[in-house]
Every structure is written in C-alpha cells, then in structure tokens.
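Naming: A, B, ... by sequence-line order, numbering from 1 per chain.
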2 protein chains.
Amino acid sequence: MSDLLARLRGRGWRVTSQRRVVAEVLDGDHVHLTADEVHARAAQLLPEISRATVYNTLAELASLGEVLEVSTDGRAKRYDPNAHRPHQHLVCSNCGTIRDVHPTGDPLADLPAEERFGFTVSEAQITYRGLCPSCNG
Amino acid sequence: MSDLLARLRGRGWRVTSQRRVVAEVLDGDHVHLTADEVHARAAQLLPEISRATVYNTLAELASLGEVLEVSTDGRAKRYDPNAHRPHQHLVCSNCGTIRDVHPTGDPLADLPAEERFGFTVSEAQITYRGLCPSCNG
DNA sequence: TTCTTGACTTGAACTCTGTCTATCGTAGGA
DNA sequence: TCCTACGATAGACAGAGTTCAAGTCAAGAA
Ligand SMILES: [Mn+2]
Ligand SMILES: [Mn+2]
Ligand SMILES: [Zn+2]
Ligand SMILES: [Zn+2]
C-alpha cells in the first residue's frame, strides 16, 4: 500500500491527510474491514476525519481497482486491500472471521455454455463457509 | 410451492391469508425477489398485509429451509423458492438480472487442505458475473 | 513566497433495509 | 360457539450508506 499514494498522485488525485490515513489503515494481510471500522481506526490517527470522507475514499479506491468490495453476509460491505492477486474468501459461519484463499483451477471452467443463458461471463466470486478452528469445539 | 402450505400445516403452522399470498408470490423459476418486492406483490392480492409480516414470514421460511436467502450485492437480500435443488447464481453486472445455474463438479474440491487454515469447510457459494444478452450491446 | 481555484472535506439530514414491540385479530381446537 | 395462544399490524427504531450546501486547503501559477 505504500506506493498507493504515488499511484493516486499519478492519476491526478490530491494527497490529503484523510486519504493518507485511510491508506495506512488498509495496510496488511487478510484485512477485511467495514467502512465504519476503517473510520474508527482512521479517527485514532486523525480525529476530525468524517464518515462521509471515509465512504467516499473507499468507493473511489474500489472504482480504481485499488481495493476490493467484499460482501460475504447481508451486512456491511468489507474493504480488501489485496486487490492485485486474485483470491476467494473463507468465512467462519459462527464468528465471521475471513481468510483469503486460493482455490486451484479456473472457477469459470465449471460453468458449461448451456448454463450461461447467453451471458458473457467474466468473473466468479466464491465464498467458502465453515467453522474456524476456535469455533469448532 | 403448492404443497408448501401442506408442509407448513404439518409443522404446526397456522395457515393465514397472509402466509398464503406470500407463498403464492414466491412461485416460479428464477424468482429472486427482495422482501419489499414480495410485500408489494403480496399487497396487490391482499392490500392490508404489513411489511413486518412479510419480513417475519420470509425469515421463518428461510429458517425452515423452504426458501433460500441470497445476497449477491451489498443491497437487499433476495428470497429464492428454489431451495430443494442446489444451485448457484449468474448475475448481470449491468441490470442485476439473476439466473439459477448448475456448475459441473464439486466446488469444495478446488480448495486444497493447505488453503483451509484448519477450518471445517461445509459449503461453497458461487456468484458468476457478466453481461446478459440485453445489456451486451 | 503568496495567490488562486477547483477539488476535497465536513456534518447533518436523508434513504434504504431490516428489526422490535405493544396491541389487536383470528385459526383452529374444545 | 367460545377461547386463547399464535400471528398480524403500525409505527418507532437501528444500521449502513448517500447526498448536499457550505467551508477548507493542496498544489500549480505568478
Ligand atoms: Mn480478501
Ligand atoms: Mn436461485
Ligand atoms: Zn469462528
Ligand atoms: Zn443485464
């Protein structure tokens, strides 16, 4: 995420303190925070940052392909900085923990032409569910 | 869906006019309505039906396994009467149309043990995305 | 360095989706 | 036909996200 700010500057973005702290909060592996979680952590670094700015920045980063929007349950969307290596998600049905996983093979290959209804299919999103070690008695 | 009411009666449910119209609205193939869409259609058959009753009934049907809750986007959950044959979903990225699809093979087989992080994995939900014939110029 | 300006940020009101609760109504058994 | 526990209702409430008018400031120009 460190050169993210450089890439954004290259695209003509103003680099503001708000955007810097959002980028900082989104650093790491297996990070899948909700917008309000991002806001809470950003506010520890920059107390006056507003909710609207966090929502705006996350939506912009997502539309540039710099972060992924992940909705595993019907609740709040989660924001994923691991946008440059394709992956899927494994979610604990009990506690909600999310891990990045890398299945073998091409998921699109399993959808035969007669099951495509004339669609141009470009992507397959897989959510694996189960119990994590802590929740699995 | 016609014998649904019989199954519910067998489980000790009271068969009310509200539950009848919800069951009627949920009949058909490739049906994936939101709760408020179900409410709107039910209200054409039974104008005084309330939003709360539709939400309650759908949640109960889902917990009995009679309908599926599907969340393909971060928006409203959709309710799927096709609960007795396992399937996945194909969604148009442009207009949101949803089709039931049946991929070949077992999706769980593609997740190797070293990518399971000690989880007991029981289910894989796949959302295929692309453009439907109408949206694909 | 200072000036200028349009992009960015803010906070509050607003929308959408879903839940809860107190009260009223009725399906179905006695 | 009567009883009553289960179900329905309206409206308040909550969580997630969006919108907007007004104020602020990053960064290029001079
Ligand atoms: Mn991820
Ligand atoms: Mn379906
Ligand atoms: Zn768990
Ligand atoms: Zn379409």
Side-chain angles (χ1 to χ4, degrees), chain A residues 4-25 32-43 45-64 66-80 96, chain B residues 4-25 32-43 45-64 66-80 96:
Chain A
L4 168 62
L5 294 174
R7 284 201 300 279
L8 295 180
R9 199 179 276 112
R11 294 193 193 236
W13 272 35
R14 291 195 186 166
V15 175
T16 65
S17 52
Q18 290 84 353
R19 287 171 172 178
R20 253 193 301 269
V21 298
V22 169
E24 190 172 341
V25 164
H32 302 96
L33 298 170
T34 65
D36 282 339
E37 284 166 354
V38 170
H39 178 239
R41 298 192 185 194
L45 303 170
L46 184 69
E48 68 276 22
I49 191 172
S50 75
R51 241 172 115 259
T53 293
V54 171
Y55 273 91
N56 286 340
T57 303
L58 290 171
E60 290 158 355
L61 288 171
S63 79
L64 294 181
E66 295 286 352
V67 304
L68 302 176
E69 292 185 338
V70 179
S71 355
T72 53
D73 50 0
R75 314 290 304 277
K77 279 187 222 165
R78 297 184 168 273
Y79 290 86
D80 186 343
Chain B
L4 169 61
L5 293 174
R7 285 201 298 281
L8 296 180
R9 198 179 277 115
R11 295 194 193 237
W13 272 35
R14 289 194 188 165
V15 175
T16 64
S17 52
Q18 290 84 354
R19 286 171 173 176
R20 253 193 300 270
V21 298
V22 169
E24 189 172 342
V25 164
H32 302 95
L33 298 170
T34 66
D36 281 340
E37 284 166 354
V38 171
H39 179 239
R41 299 192 183 194
L45 304 171
L46 184 69
E48 68 275 23
I49 191 171
S50 76
R51 232 170 124 260
T53 292
V54 172
Y55 274 89
N56 287 340
T57 303
L58 291 172
E60 290 158 354
L61 289 172
S63 79
L64 294 181
E66 296 286 353
V67 304
L68 300 175
E69 291 184 340
V70 178
S71 354
T72 53
D73 51 1
R75 315 289 305 276
K77 280 187 224 165
R78 296 184 170 272
Y79 290 85
D80 185 344

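In this structure the side chain of A:Thr57 never reaches within 4.5 angstrom of the side chain of A:Gln18, judged on heavy atoms. At least one side-chain heavy atom of A:Tyr55 sits under 4.5 Å from a side-chain heavy atom of A:Asp36. Side-chain contact between A:Arg20 and A:Val22 is absent, with no heavy-atom pair separated by less than 4.5 Å.
Here D:dG17 is the nucleotide among D:dA8, C:dG18, D:dG17 with the atom lying nearest to any side-chain atom of A:Arg51. Of the candidate nucleotides C:dC16, C:dT26, D:dC25, C:dT26 has the atom nearest to the side chain of B:Arg14. For A:Glu48, the side-chain atoms get nearest to C:dT10 when compared with the rest of D:dG17, C:dT9, C:dT10. Distance from the side chain of B:Thr16 is smallest for D:dA8 among the nucleotides C:dT10, D:dA8, C:dT9. Considering only the side chain of B:Ala76, C:dT17 comes nearest among C:dC8, C:dT17, D:dA16. Listed nucleotides D:dT18, C:dT26, C:dT9 differ in distance to A:Gln18; the shortest reach to its side chain belongs to C:dT9. Candidate nucleotides C:dT10, C:dG18, D:dG7 were compared by shortest atom distance to the side chain of A:Thr53, and C:dT10 ranks first.
The residue among B:Arg75 and A:Thr57 whose nearest nucleotide of DNA chain C is located toward the 5' end is A:Thr57. Nucleotides of DNA chain D nearest to B:Gly12 and A:Ala35 differ in position, and the one nearer the 5' end is that of B:Gly12. Summary of the strand contacts: B:Trp13 and A:Ser50 both lie near DNA chain C, and taking for each the nucleotide with the nearest heavy atom, the more 5' one is attributed to A:Ser50.
Here the CZ-CD distance, from B:Arg11 to B:Glu66, works out to 5.5 Å after rounding to the nearest 0.5 Å.
Taking atom CG of A:Leu8 as the reference point, atom C1' of C:dA7 lies 14 Å away to the nearest angstrom. As a whole-Å value, the separation of A:Glu69 CD from D:dA16 P is 15 Å. Between the CD atom of A:Glu60 and the P atom of D:dT18 there is a distance of 12 Å, given to the nearest Å. Rounded to whole Å, atom C1' of D:dA27 lies 13 Å from atom CZ of A:Arg19. As a whole-Å value, the separation of A:Leu46 CG from C:dT9 C1' is 11 Å. To the nearest angstrom, C1' of D:dT18 lies 13 Å from CG of A:Asp36. Distance, B:Arg20 CZ to D:dG7 P: 14 Å, rounded to whole Å. Rounded to whole Å, atom P of D:dT18 lies 15 Å from atom NE2 of A:His39.
Formation of a donor-acceptor pair under 3.5 Å by the B:His39 side chain with backbone atoms of B:Ile49 is found in this model.
For the pair A:Tyr55 and D:dT18, the criterion of a side-chain N or O lying under 4.0 Å from OP1 or OP2 is not met.
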